[in-house]
A.B. asks: 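Before I ask anything, here is the structure I am working with.
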Amino acid sequence: MTENLAASRETMGFQTEVKQLLQLMIHSLYSNREIFLRELVSNAADACDKLRFEALHNAALLEDDSPAQIRISYDKSAKTLTISDNGIGMSRDEVINNLGTIAKSGTREFFSRLSGDQQKDAHLIGQFGVGFYSAFIVADKVTVVTRRAGEKADQGVRWESDGGGEFSIEMAEQAVRGTSITLHLREGQEDLLSGSRLRAIIHKYSNHIVQPIVMQKEEWQDGASKIVEEDETVNQASALWTRPKSEISDDEYKEFYKHVGHDFDDPLAWSHARVEGRQEYTQLLYIPAHAPFELWDRNARHGVKLYVRRVFIMDDAEQLMPQYLRFVRGIVDSSDLPLNVSREILQESKDIEAIRSGCTKKVLGLLEDIAANDAENYARFWGEFGRVLKEGMGEDFANKDKIAGLLRFASTQADTADETVSLKDYISRMKDGQEKIYFVTAETFNAAKNSPHLEVFRKKGIEVLLLSDRVDEWVVSHLNEFDGKQLVSVAKGGLDLGALEDEAEKLEQEKEADELKGLTDRIKGSLADRVKEVRVTHRLTDSPACLVADEHDIGGNLARLLKSAGQHAPSSQPILEINPKHPVVLRLKLEERHFADWAAVLFDQALLAEGGQLDDPAGFVKRVNQLMMEMSGN
Ligand code: ADP
């Protein structure tokens, strides 16, 4: 080693999160320790893919043009295990960044969800993915030697750490490009120093890796295995997706998912198909069983990798999937695209559009299938990704009906927010004479469930969908009807129950409205600008009053959502509806002295009941107290 190189040695501290992660991981993932090999092989394979991709634009990176390969070797006497690849390698800065910090989006979310409960946290860590750091599950010292493709031999980098708080880094001679990771095994890990054991682990987790995973051949001689000077490929080393479906086991599909999806858990479902026609491609798409930590992160990576004739082209090909299906993981392998296709070209390519539309249909079809045949798994999917899928209502007009069919809603027929109903089920159990799909929106499930607007629907046993997700307002604004049935808000416009009301009821209502005309006029006069209109209603059974929005005005809930998001909400006054049978209303007819206070309280409580905020809370409290004192005879 030259003096220059030696002088470059530096010791650095891990980012705090890495220290935390390492500690957690070593303890909680120990029972599943052999996955370290899957993680390191997965990284090595990615590094080979990246080299291929970069070499498309810069052939010099391939140097001696040796074919991509991952090598695994062990040294019994030194108790080391080495995983090498001739992929892209890393520069010094890259090593510091990649092996000293966690640069993933969703990191903060992950750490905020840790509970301190070892079992729960182990599961979370699995979902987060530990990648390279999993080496420390079995090793008490890890040495990485790497050189970025295209750099000179003296630009190698040596990184070493015992997984405590620090790592050392120095420049090193490295003749071959790529990365070599040596694990100095912990006490008690000697079972890993065995050709047959390693082969079994590779077979279990990494058989699907496209690059050959090479080990030195071993032979039985005199009752013991001996290493012979010959290499052998120990994995299948072919692109899994090119094999016939019938020859791929579920376990292989699952392991492949863990590699492409960077996930520890099994996927929920997958679809593997070869598509022929205007565009020829193979797609293997997965629906994860749980949401990644970065689901709501704008910078998050997308999940589908693009290949062209088995050559890896790029990660995160966001053009392959619409935004609302950004949770889908997997690969698309095109037979037609040019090898030098770039992100810019993808953006404008008609061919990609055709592939995207095909993949979208496949995923929606897969979801329909799960929904129809496996309610439990669909409920799981909905819990994890429902909110993302809803975005599709405004994003993908071509598939709007399909997406609407996949939506699930809480309803007055269920006790909890998790028990949901599809629009199809809703329609199938509509009352005789019911023509519309009714819904209410509110800020929380409880606010929706207890909304006064539901009273008459409860009385008549009519189901109402309870929408309390922020995007729901937006969803229903894009969903005017489903299967020929109009969706209507129970808090908007006049109450029109159509055939659900009989003639006698209608006549009685008209009579009551006439009788109370004097009162509604007086209230309107008293509340003046605060309301657009005051009228008698029959939607209430228990409450004295409620607010509704005029047919074409925006509803109270949406107005509040817009406001809280700092957006402009067109101002429109609500309509105050009063319950002609309620004692408070009947009493109000007789009120003279405090009429204005009573009217104001009626309005304010209707606003509170639908989750609104009072303009003048102190005034409301004062009036209520006054009324209470009056009632108690003061
Ligand atoms: P992830 O693979 O999920 O990004 P890791 O912690 O496993 O997380 O790895 C962090 C980064 O280190 C990788 O994204 C990659 O850039 C780099 N890296 C890891 N292993 C290798 C390797 N064998 N060759 C080149 N780069 C690697």
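As the structure lists them, so they are numbered: ligands from 1, and atoms in each ligand from 1.
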A.B. asks: Any Lys/Arg nitrogen of Glu376 or Arg380 sitting under 4.0 Å from an Asp/Glu carboxylate oxygen of the other?
C.D. replies: no

A.B. asks: Looking at the rings of Phe256 and Tyr253, which for Trp means the six-membered one, are their centres under 6.0 Å apart?
C.D. replies: no

A.B. asks: Would you call Glu190 and Lys79 a salt bridge, using N to O less than 4.0 angstrom?
C.D. replies: yes

A.B. asks: Would you check whether Tyr133 has a nitrogen or oxygen atom less than 3.5 angstrom from a nitrogen or oxygen atom of ligand 1?
C.D. replies: no

A.B. asks: Would you kindly specify which portion of His262 sits under 4.0 Å from ligand 1, judged on non-hydrogen atoms: side chain, backbone, both or neither?
C.D. replies: side chain

A.B. asks: Within the 4.0 Å heavy-atom shell around Gly131, which atoms of ligand 1 are there?
C.D. replies: 7 (O)

A.B. asks: Just one of Ile403, Val471, Asn399 clears the side chain to side chain contact (heavy atoms under 4.5 Å, CB included) bar with Met393, so which one?
C.D. replies: Ile403

A.B. asks: Do Arg158 and Glu160 sit within salt-bridge range, that is, some charged N less than 4.0 Å from a carboxylate O?
C.D. replies: yes

A.B. asks: Could you pull out, from Thr101, Asp85, Ile88, the option with a heavy atom nearest to atom 23 (N) of ligand 1?
C.D. replies: Asp85

A.B. asks: Could you tell me which atoms of ligand 1, counted from 1 in the order shown, lie closer than 4.0 angstrom to a heavy atom of Ala47?
C.D. replies: 22 (C), 24 (N), 25 (C)

A.B. asks: Could you tell me whether ligand 1 has any atom less than 4.0 Å away from a heavy atom of Lys50?
C.D. replies: yes

A.B. asks: Looking only at distances, please establish whether an N/O atom of ligand 1 is found under 3.5 Å from an N/O atom of Phe132.
C.D. replies: yes

A.B. asks: Salt bridge or not for Arg274 and Glu280, using N-O below 4.0 Å?
C.D. replies: yes

